[in-house]
Number of protein chains: 2
Amino acid sequence: MGRKRLQESVDGRPTVHTVAARAGVSIASASRVLNGVGGSPETIRKVRAAAAEVGYVPNAIARSLQSQRTGLVALAVEDIGNPVYVEMMRAIEAVVASSGRQLLVHATGGRIDNETALLRRLANRYVDGMIVSPIRVTDDHLTALVDSPVPVVVVGQLGADAAVDNVRTDSRHGVALAVDHLVATGRHRIGFVNGPLDTVPGTARDAGFRAALTHHGIPLDEDLIEVGDFQYAAGREATQRLLARTDPDALVCANDLIAVGALHALLAAGRRVPQDVAVVGMDDTELARMMFPQLSSVSLGSAERGRRAAELLLQRIADPSLPPRREQVPPSLAIRASSGTTLPAPRPADPPTNHPSSEGVTS
Amino acid sequence: MGRKRLQESVDGRPTVHTVAARAGVSIASASRVLNGVGGSPETIRKVRAAAAEVGYVPNAIARSLQSQRTGLVALAVEDIGNPVYVEMMRAIEAVVASSGRQLLVHATGGRIDNETALLRRLANRYVDGMIVSPIRVTDDHLTALVDSPVPVVVVGQLGADAAVDNVRTDSRHGVALAVDHLVATGRHRIGFVNGPLDTVPGTARDAGFRAALTHHGIPLDEDLIEVGDFQYAAGREATQRLLARTDPDALVCANDLIAVGALHALLAAGRRVPQDVAVVGMDDTELARMMFPQLSSVSLGSAERGRRAAELLLQRIADPSLPPRREQVPPSLAIRASSGTTLPAPRPADPPTNHPSSEGVTS
DNA sequence: CAGACTCCCGGAAACGTTTACAGCTATCGG
DNA sequence: CCGATAGCTGTAAACGTTTCCGGGAGTCTG
């Protein structure tokens with residue numbers, strides 16, 4: 001009496017057929033018992049026993065095909081080494097877990113094709129929904145987003161007309177907060193270390209910086225603007241280049257990783273922070289508090305944005321017919337040691353520092 | 001002539017039936033064209049057109065059920081805020097991508113049930129394979145690992161007899177490297193800030209530290225040992241507690257996050273690093289290089305371990321019948337500014353520092 | 001011009017699960 | 001004691017895809 005081959009899956013693992021046969025019941029009964037719905041005591045006993053004996057574990061793919069859901073939600077971010085995304089992820093995770101789902105994260109590494117590929121793959125039913133936070137957005141990208149088979153929520157700026165749920169912040173205003181603060185504490189030669197200009201946050205922050213200077217009537221000095229990547233090493237190098245050609249008394253950095261790089265470059269160059277140069281980062285991540293001196297940083301509400309995005313996503317999964325919504329989280333500034341000191345001006349006792357540029361310090 | 005309801009999926013999206021009907025061909029032909037295998041020029045044209053018109057996008061779940069693969073690989077780590085896992089992830093990602101698969105990361109948050117739940121869910125065919133790096137291992141856990149339906153590779157220590165592919169390092173030896181270095185540079189009151197003792201790395205590093213002291217004939221002072229979490233804030237607080245009761249001239253920290261916390265606590269307490277207290281971290285992450293002073297750190301070869309784990313996984317996916325393998329990556333020490341200075345002893349010109357504990361410095 | 005060969009096509013089975021439906025037995029109320 | 005009802009059970013369809021297989025048309029060779 002040979003083994004019935006058909007009862008087990010192609011790779012030899014037991015299926016519901018296997019346990020049904022072993023328990024001497026139909027697959028329907030087996031399935032019912034395994035799902036804890038219905039079944040006579042005797043049937044339950046037999047099926048449970050059979051399942052345990054063969055080590056049955058259900059095939060989630062098959063189940064999903066039938067049930068049209070996977071219990072998974074994905075988050076796609078550019079660089080998971082950036083603590084801002086970690087914070088966002090934690091907030092999302094908390095919400096998602098409360099719906100009994102699990103969160104998976106994918107780091108796209110900024111490769112745009114990677115991100116679209118991910119959308120095409122994951123979004124095709126592997127997950128119940130997806131949150132993506134792209135830093136570069138192409139048209140191709142956008143269409144991939146809007147006609148995704150599963151709900152998608154975008155964290156970050158998006159064209160005004162895009163029919164996608166969207167949670168954003170006003171990073172231009174965020175930069176303005178930093179500049180306001182630095183100006184208020186007597187800084188005049190304010191530098192800006194930005195990320196790539198072909199990214200959405202990069203352009204927004206650049207525009208914000210220029211607007212803020214204009215608003216304060218400070219003439220723009222292109223020497224004070226430097227661009228690198230949104231990363232530590234790039235921030236350090238960009239700051240070195242900037243220091244090589246000019247002499248700022250403050251630096252606004254487009255994110256905390258850059259700010260840490262800047263801090264490092266400044267200290268290595270013998271500048272004191274904040275006495276000689278004040279530093280303000282953006283994103284207000286844990287990293288800012290881990291530095292010494294602790295970094296002032298503009299919070300863009302990453303955790304809050306994550307939380308809201310997750311809620312939007314869950315709502316849309318529950319009811320896909322909802323109209324596209326847009327939410328906005330305001331930025332705020334956390335002032336810490338790296339910019340805490342007020343420069344000479346407000347403290348007449350102190351002589352001006354020996355910056356060649358300090359001639360403007362009068363009042 | 002009413003719409004044939006059966007042709008589209010239950011949620012209204014087009015299926016291969018939809019495009020086949022629209023193109024006037026069989027679903028077999030439609031599928032072939034969509035997969036780029038076979039089909040006459042005319043059929044190809046019709047199917048492509050139909051697919052485009054209805055906006056067809058294949059259901060990956062259904063495809064996976066048939067093909068028994070998903071093209072996805074998962075990595076489960078405890079805390080993705082820890083840069084060591086980011087490094088590991090990057091290394092894994094590179095390997096995995098070369099096989100045309102995509103990597104998904106799940107942060108278990110150290111909740112053991114979460115990790116087993118993930119295994120039970122993901123491993124049930126949602127992914128082609130999985131790499132997990134557990135810090136707490138229970139028996140339940142272990143059985144979940146060994147009879148996972150998909151290949152699993154474990155990064156980290158595991159019982160000697162576990163029949164699972166495993167990539168590990170020798171973190172006891174790693175701690176010894178740190179202690180050796182500190183002793184060689186004249187440190188005598190070496191403290192140790194560890195993570196929880198109910199974790200695998202926690203116990204290993206504790207054992208390593210005690211063994212290393214014994215090896216150097218240094219009597220053990222329990223006051224010099226403090227335990228917290230493997231995180232920044234916990235490391236800072238643990239160090240504060242330690243400083244409140246004793247006065248070390250060096251600190252070994254069980255990972256870089258703790259080391260950064262320790263650094264912060266030391267600086268805040270007015271200790272100079274490395275002049276008063278040398279600090280050595282573990283994992284040698286980018287974070288160590290981001291600090292000022294830069295942190296010495298014991299590399300446990302995280303990237304290398306990740307790379308190897310990914311390779312093992314791919315091999316096992318290709319051939320599940322392979323015997324369980326185990327690989328080991330040796331630790332090494334990166335010496336940087338935070339422990340770079342040699343204490344008084346080897347430099348007779350310098351007077352001993354005013355530590356109450358420096359009476360032992362004679363030669 | 002006949003046979004072999006190639007190519008393309010459609011029907012149908014398969015992947016492993018859940019579930020609608022109908023039939024059966026046993027119990028209960030009248 | 002009979003009909004209705006409740007509870008289990010098994011058969012079969014469905015989820016959306018890929019692929020085996022057999023048949024038909026066309027092309028090439030001898």
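Quick note on labels: first sequence line is chain A, next is B, and so on, each numbered from 1.
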Atom CD1 of B/I61 and atom C1' of D/dA14 are separated, to the nearest Å, by 16 Å
Between NE2 of A/H17 and P of C/dT17 the distance, given in whole Å, is 8 Å
A/L65 atom CG is separated from C/dA14 atom P, nearest whole Å, by 17 Å
Between protein and nucleic acid, restricted to nucleotides 10-13 of chain C and to nitrogen or oxygen atoms under 3.5 Å apart, what atom pairs and distances do you find?
| from | atom 1 | to | atom 2 | distance (Å) |
| --- | --- | --- | --- | --- |
| C/dG10 | OP2 | B/S26 | N | 3.0 |
| C/dG10 | OP2 | B/S26 | OG | 3.2 |
| C/dG10 | OP2 | B/S29 | OG | 2.8 |
| C/dG10 | N7 | B/R32 | NH2 | 2.9 |
| C/dG10 | O6 | B/R32 | NH1 | 3.0 |
| C/dG10 | O6 | B/R32 | NH2 | 3.4 |

Of all heavy-atom pairs linking A/V154 and A/P134, the shortest is CG1-CD, 3.9 Å
When rounded to whole Å, the CG to C1' distance for the pair B/N35 and D/dG16 reads 13 Å
Sequence neighbours excluded, the answer for salt bridge (Lys or Arg N to Asp or Glu O under 4.0 Å) partners of A/R325 is A/D165
B/R63 CZ to C/dA14 C1', in whole Å, measures 16 Å
I'd like to know if the side chain of A/T70 reaches the main chain of A/Y126, judged simply by a donor and an acceptor atom lying under 3.5 Å from each other, with no hydrogens or angles considered.
yes
Nearest heavy-atom approach of B/Y85 to B/D79 is CD1-O, 3.1 Å
For B/R45, the salt bridge (Lys or Arg N to Asp or Glu O under 4.0 Å) test, sequence neighbours excluded, returns B/E42
Give every pair of a protein N or O atom and an N or O atom of nucleotides 22-28 of chain D that lie under 3.5 Å apart, one pair per line with the distance.
none

With sequence neighbours left out, the residues meeting side chain to side chain contact (heavy atoms under 4.5 Å, CB included) with A/P151 are A/L313, A/R316, A/I317
Residues at least two apart in sequence or cross-chain that pass salt bridge (Lys or Arg N to Asp or Glu O under 4.0 Å) with A/R32, listed by chain then number, are none
A/L34 atom CG is separated from C/dG16 atom C1', nearest whole Å, by 12 Å
Rounded to whole Å, CZ of B/R69 lies from P of D/dT18 at a distance of 13 Å
Output yes when at least one side-chain N/O atom of A/S31 is less than 4.0 Å from OP1 or OP2 of C/dT17, else no. no
When every non-hydrogen atom of A/V54 is compared with those of A/P14, the smallest separation belongs to O-CG, 3.4 Å
From CD of A/Q68 across to P of C/dT17 the rounded distance in Å is 17 Å
For this session: Tell me what A/S40 touches on the nucleic acid: a base, only sugar-phosphate, or nothing, going by heavy atoms under 4.0 Å.
Result: sugar-phosphate
*So, are B/R307 and B/E304 salt-bridged, with charged N and O less than 4.0 Å apart?*
yes
On DNA chain C, more 5' by nearest nucleotide between B/R125 and B/I44 is B/I44
